[in-house]
Amino acid sequence: MIDLRDHKAPILAGLVASATGTAASLGVVVAALSASGASKNQVGFAVVVAVFAYGLLSIVLSARYRMPLSIVWSTPGAAMLVSAGVLHLSFAASVGAFAVTGALLAVTGLSPRLGAIVSGIPKPIANAMLAGVILSFCVSPFQAVAQYPAIVLPVLAVWLILYRFAPIWAAPAAIVLSYSLIAILMPPNLSSITFLPTPSFVVPMFEWPAIISVAIPLYLVTMASQNIPGVAIMKTFGYEVPFKSTLVATGLTTMFASVTGVFALNLAAITAALNANEHAHANPKRRWLASVWGGVAYLVLAAVAAPVVAFVLETPHVLILAASGLALLGTMGGALREITASDDIRMPAVIAFLVGASGIAPWGIGAAFWALSAGVLVWRVQLAWRARK
């Protein structure tokens, strides 16, 4: 028999973390899957499977290790996938890239050497690549003002006020308001709303342009912006994340679920903080309950995700981008701070940012790959010059 008095705070923390995280990132994920070549039904089914999968992982890992291990999808990775949409890959090729990303995540858990290589990429350069590819998202709310001022201006006002007084609620509240205003001012065609997507499985195609342009950048973004920060945040609350087990579990789940369109599951960063702080439970040894209840909330959200996704897909694309941009403004702020943090790596990071923002795709290889390559190359050249002095 569950003593709800002991579970009251964890239930509330888990529900808040799950609801806010999903609300803030759903538009980015829908845009990412659409840009990857998925049909409307495939987008809906992929979202349902992803939310169910990371809910289940959150429950199992948290209960197994007795710590608040929150698993989510990679929102920055989703933004990167939107930028890769200019490559016009088939969904089968994208699915193949997602499977490779999952395999790389699992191998990283098994191979400390690969993890060391990833960690060896300077954070300013990794963040510069991320900032470059999400730049178009982050400017989209301000571009949308001209077309839809009655929707976007109130949303921006709410975001700005909450960012000042309650930052954690700023993006979720603004996004909920944006879709509420859309529903009121631009009511969707209810006949197009799907309550249960048809199960859809895709045979993956493994193509080098997709692996280089999607799989590798998605893996690096997921590691640099989710898994590594997630471990660091958990450490500040006194938890040593079982890195190997977590990466193997999320990597293998991503790999096997990729045939449905699931692109990257990983440790949460912000959600991790919500479930690991004192509001989740006064006793740190009982805070794992918050992630378990958060996982239960994800399972419930998975059951109702399809009609929400269908509604988002009926929303004008510019408004989807605007809502998604609000969810990524915090990520952009953190990335820009990292870019300028070190005098020694500032110029390589700036170059990586500009290449990522350019959207170039020579030889069918996307800007994220070229941004990382350019930043690392300039960094290594600078190191060689300094060594000669």
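Throughout, residue positions are numbered sequentially from 1 according to the sequence presented. Treat the numbers as computed from the prediction; the structure is a model and nothing was measured.
- Of the inter-residue distances, the one linking Leu156 atom CG with Ser178 atom OG reads 10.0 Å to the nearest 0.5 angstrom.
- Enclosure of atom CZ in Arg380 is not indicated, since only 12 or fewer non-hydrogen atoms of other residues, nucleotides or ligands lie within 6.0 angstrom.
- Under the 4.5 Å side-chain criterion, counting only non-hydrogen atoms from C-beta, Val296 is in contact with Ile59.
- Within 6.0 Å of the CE atom in Met347, the count of heavy atoms belonging to other residues, nucleotides or ligands does not exceed 12.
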N/O donor-acceptor pairs under 3.5 Å from side chains in residues 10-34, not counting sequence neighbours:
residue, atom, partner, partner atom, Å
Ser18, OG, Gly14, O, 2.9
Ser18, OG, Gly294, O, 2.8
Thr20, OG1, Val16, O, 2.6
Thr20, OG1, Ala17, O, 3.3
Thr22, OG1, Ser18, O, 2.9
Ser25, OG, Gly21, O, 2.8
Ser25, OG, Trp73, NE1, 2.8
Ser34, OG, Val30, O, 2.9

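- In the hydrophobic clustering of this structure, Val259 groups with Phe206; members are Ile, Leu, Val, Met, Phe, Trp, Tyr whose side-chain heavy atoms approach within less than 4.5 Å, directly or through other members.
- For the pair Ser291 (side chain) and Ser62 (backbone), a donor-acceptor distance under 3.5 Å is absent.
- For the pair Ser140 (side chain) and Leu321 (backbone), a donor-acceptor distance under 3.5 Å is present.
- Under the 4.5 Å side-chain criterion, counting only non-hydrogen atoms from C-beta, Asn266 is not in contact with Met223.
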Kindly indicate, with the supporting measurements, whether the criterion side chain to side chain donor-acceptor pair (under 3.5 Å) is fulfilled by Asn275 and Ser70. CA-CA 8 Å; Asn275 285 333; Ser70 301; 2.8 Å; yes
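- Summarising the local packing, OH of Tyr163 is surrounded by 12 or fewer heavy atoms from other residues, nucleotides or ligands at distances under 6.0 Å.
- The heavy-atom pair separating Met234 from Leu69 by the smallest distance is CE-CD2, 4.1 Å.
- Looking at heavy atoms from C-beta onward, Met186 lies in side-chain contact with Tyr148 at the 4.5 angstrom threshold.
- If you look at Tyr298 and Phe52, their ring centroids are not closer than 6.0 Å.
- Arg337 is linked by a side-chain hydrogen bond (donor to acceptor under 3.5 Å, both in side chains) to nothing, counting only residues two or more places apart in sequence or in another chain.
- In terms of heavy atoms, Met129 sits closest to Ala368 at SD-O, 3.3 Å.
- When every heavy atom of Ala131 is checked against every heavy atom of Met332, the shortest pair comes out as O-CE, 3.3 Å.
- Within the 6.0 Å centre-distance limit, the rings of Phe201 and Phe45 are counted as a close aromatic pair.
- Contact check for Ser94 versus Phe263: no side-chain heavy atoms found under the 4.5 Å cut-off.
- You'll find the side chain of Leu377 stays beyond 4.5 Å of the side chain of Ser373, heavy atoms only.
- Under the 4.0 Å criterion applied to side-chain N and carboxylate O atoms, Glu314 and Lys40 are assigned as salt-bridge partners.
- Cluster partners of Val248, using a side-chain heavy-atom cutoff of under 4.5 Å among ILVMFWY residues and allowing indirect links, are Leu110, Leu252, Met255, Phe256.
- Here the side chains of Pro348 and Val376 are not in contact, with every heavy-atom distance at 4.5 Å or above.
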Any chance you could lay out the side chain to side chain donor-acceptor pair (under 3.5 Å) test for Tyr219 and Thr108, step after step, and finish with the verdict? CA-CA 10 Å; Tyr219 161 71; Thr108 303; 2.6 Å; yes
